[in-house]
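Single-structure report; data block below.
Note on naming: letters A, B, ... go to the chains in the order of the sequence lines (proteins, then strands), and numbering restarts at 1 for each one.
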Number of protein chains: 2
Amino acid sequence: MINPGNEARARLNRDKVVGSAIALADASGIESLSMRKLGGELGVEAMSLYNHVSNKGDLTDAMIDGVFAEIDLPSGGTDWRTAMRHRAISVRKVLARHPWATGLMESRTTPGPATLRHHDAVLGILREAGFSIVLAAQASSVLDSYIYGFVLQERNLPATSMGSTKLAQVILARLATQDYPHVAEMTVEHVLQPGYDHDAEFEFGIDLILDGLERVCRAT
Amino acid sequence: MINPGNEARARLNRDKVVGSAIALADASGIESLSMRKLGGELGVEAMSLYNHVSNKGDLTDAMIDGVFAEIDLPSGGTDWRTAMRHRAISVRKVLARHPWATGLMESRTTPGPATLRHHDAVLGILREAGFSIVLAAQASSVLDSYIYGFVLQERNLPATSMGSTKLAQVILARLATQDYPHVAEMTVEHVLQPGYDHDAEFEFGIDLILDGLERVCRAT
DNA sequence: ACCTGAACACCGTTCAAGT
DNA sequence: ACCTGAACACCGTTCAAGT
């Protein structure tokens with residue numbers, strides 16, 4: 001039988017399922033991603049997805065690996081410090097595009113190929129720069145911990161969009177000054193200020209950690 | 001009518017609901033915490049919970065605040081550095097007891113009173129030690145990011161329980177050495193070694209960050 | 001004031017049946 | 001080889017009804 005003309009949709013495959021799941025989670029949040037909605041998005045019944053993904057946990061693992069695949073692989077062309085700095089900024093940028101990914105890492109234990117490739121490249125750069133095995137482990141652990149934790153916290157900060165700012169200031173001043181004076185001071189006089197810069201805050205921490213690692217590395 | 005003798009269970013209240021939810025999440029994981037199971041644990045139908053909690057999001061917020069309430073409030077008796085060091089270790093210890101809490105922070109935006117009290121105490125110690133508003137914000141941001149990210153990653157590391165170690169070594173040696181040589185080297189020669197110490201790894205990062213903060217603080 | 005039964009609109013997953 | 005309908009054992013949440 002000839003394929004009818006309205007059958008424009010190409011055959012489903014694993015990459016399309018995972019890609020569509022990532023897009024859906026970006027748009028509507030991870031908590032509203034269901035096999036049924038994902039099927040609907042792809043013009044297919046939910047049960048068809050099980051031909052390409054063994055269950056929802058498998059899909060989740062693949063989504064996280066898909067996010068890692070978007071991160072630029074750190075290149076060994078320069079010194080370890082600028083390579084690690086660029087990588088950190090790239091990781092944060094990608095994770096900010098997929099805010100659900102960081103929280104999901106808590107429940108997943110089997111890293112995919114893109115994740116392993118990424119970590120292998122990081123360790124490779126540190127080892128070639130003369131870091132011992134132990135020091136390379138500690139360096140990548142500190143850097144990754146900081147990056148993931150920063151992204152996790154970034155979501156919970158009040159958005160500095162104008163409009164909500166003025167209102168937030170008033171509410172804060174009234175409600176919180178007495179009970180949480182330092183939080184109130186910080187929010188009003190720093191976080192809600194027009195010049196507040198998330199990127200600069202992130203890079204302050206990265207440079208502080210890189211300074212520390214350089215010192216430890218030289219002392220060895 | 002007189003209360004019958006087998007009615008031993010005291011009246012339900014919000015604290016009992018939240019406490020039971022935390023215990024259930026600790027024991028069986030956050031993904032298997034449902035209003036129905038929680039009700040069953042408390043000897044009550046699921047719908048009764050809505051008398052003490054406005055919905056599941058409200059319950060989640062309260063659970064996270066309950067976890068923060070377990071953390072020792074940083075005390076101002078000593079210098080900021082040892083206070084921050086003790087606090088960091090206390091936060092990690094508590095979050096390790098409730099591994100679901102860190103991942104959940106991604107989706108929550110309204111901090112509870114215990115959370116605010118905690119952050120207020122941290123900021124207070126830094127401000128009294130002479131940190132400017134901006135520097136206090138950056139200091140607590142770097143420290144918290146590192147702590148949360150470390151706990152998040154800690155879960156994904158292979159358990160160093162004997163027995164699984166030997167097997168893991170064999171699997172790794174066969175499978176991964178070729179594709180991910182640095183990850184393989186790191187795992188076999190460091191992470192899976194008997195002396196591997198999570199606490200020491202955590203404290204290495206904390207001390208590195210505290211060193212950096214001390215230097216920045218003195219330069220001001 | 002607190003608890004419940006029934007109901008609604010959802011979930012993930014299986015399995016036999018279709019093409 | 002891939003897709004589907006029907007079914008199963010679950011979800012969160014509402015609401016009128018009970019005490």
So, B:K37 side chain and B:S32 main chain: donor-acceptor pair closer than 3.5 Å or not?
yes
What's B:L33 touching, base or sugar-phosphate or nothing? Going by heavy atoms closer than 4.0 Å.
sugar-phosphate
Kindly assign one of parallel, tilted or perpendicular to the pair A:H190 and A:Y196, based on the angle between their ring planes and the thresholds 30° and 60°.
perpendicular
Evaluate the ring planes of A:F150 and A:H198, with Trp represented by its six-membered ring, and classify them as parallel (under 30°), tilted (30 to 60°) or perpendicular (over 60°).
perpendicular
Can you figure out which of [options] approaches the side chain of [X] most closely?
{"X": "A:E45", "options": "C:dC3, C:dT13, D:dG5", "value": "D:dG5"}
{"X": "B:M47", "options": "C:dC11, C:dG5, D:dG12", "value": "C:dG5"}
{"X": "B:M35", "options": "C:dC3, D:dG12, D:dC3", "value": "D:dG12"}
{"X": "B:L12", "options": "C:dC3, D:dC3, D:dT13", "value": "C:dC3"}

Reading DNA chain D 5' to 3', what string of ( ), [ ], | and . shows its pairs, if Watson-Crick and G-U wobble pairs count only when both distances fall under 3.5 Å?
||.|||||...|||||.||
Take the protein atom [atom1] of [X] and the nucleotide atom [atom2] of [N], then report the distance between them rounded to whole Å.
{"X": "A:L42", "N": "D:dC2", "atom1": "CG", "atom2": "C1'", "result": "14 Å"}
{"X": "B:K16", "N": "C:dC2", "atom1": "NZ", "atom2": "C1'", "result": "13 Å"}
{"X": "A:H52", "N": "D:dT4", "atom1": "NE2", "atom2": "P", "result": "11 Å"}
{"X": "B:R14", "N": "C:dA1", "atom1": "CZ", "atom2": "P", "result": "18 Å"}
{"X": "A:L24", "N": "C:dC11", "atom1": "CG", "atom2": "P", "result": "11 Å"}
{"X": "A:R36", "N": "D:dG5", "atom1": "CZ", "atom2": "C1'", "result": "11 Å"}
{"X": "A:L49", "N": "D:dC2", "atom1": "CG", "atom2": "P", "result": "13 Å"}
{"X": "A:N51", "N": "C:dT19", "atom1": "CG", "atom2": "C1'", "result": "13 Å"}

Considering just the side-chain nitrogens and oxygens of [X], establish if one lies under 4.0 Å of OP1 or OP2 belonging to [N].
{"X": "B:K56", "N": "D:dC11", "answer": "no"}
{"X": "A:S34", "N": "C:dC11", "answer": "yes"}
{"X": "A:K37", "N": "C:dC10", "answer": "no"}

Can you confirm whether the side chains of A:E106 and B:T102 place a donor and an acceptor under 3.5 Å from each other?
no
Looking at B:D72 and B:K93, is there a salt bridge between them, counting it only when a charged N and a carboxylate O are closer than 4.0 Å?
no
Among B:T110, B:D65, B:D120, find the residue that satisfies the side-chain hydrogen bond (donor to acceptor under 3.5 Å, both in side chains) test when tested with B:T115.
B:D65
Interatomic distance, A:M105 atom CE to A:Y148 atom OH [nearest 0.5 angstrom]
4.5 Å
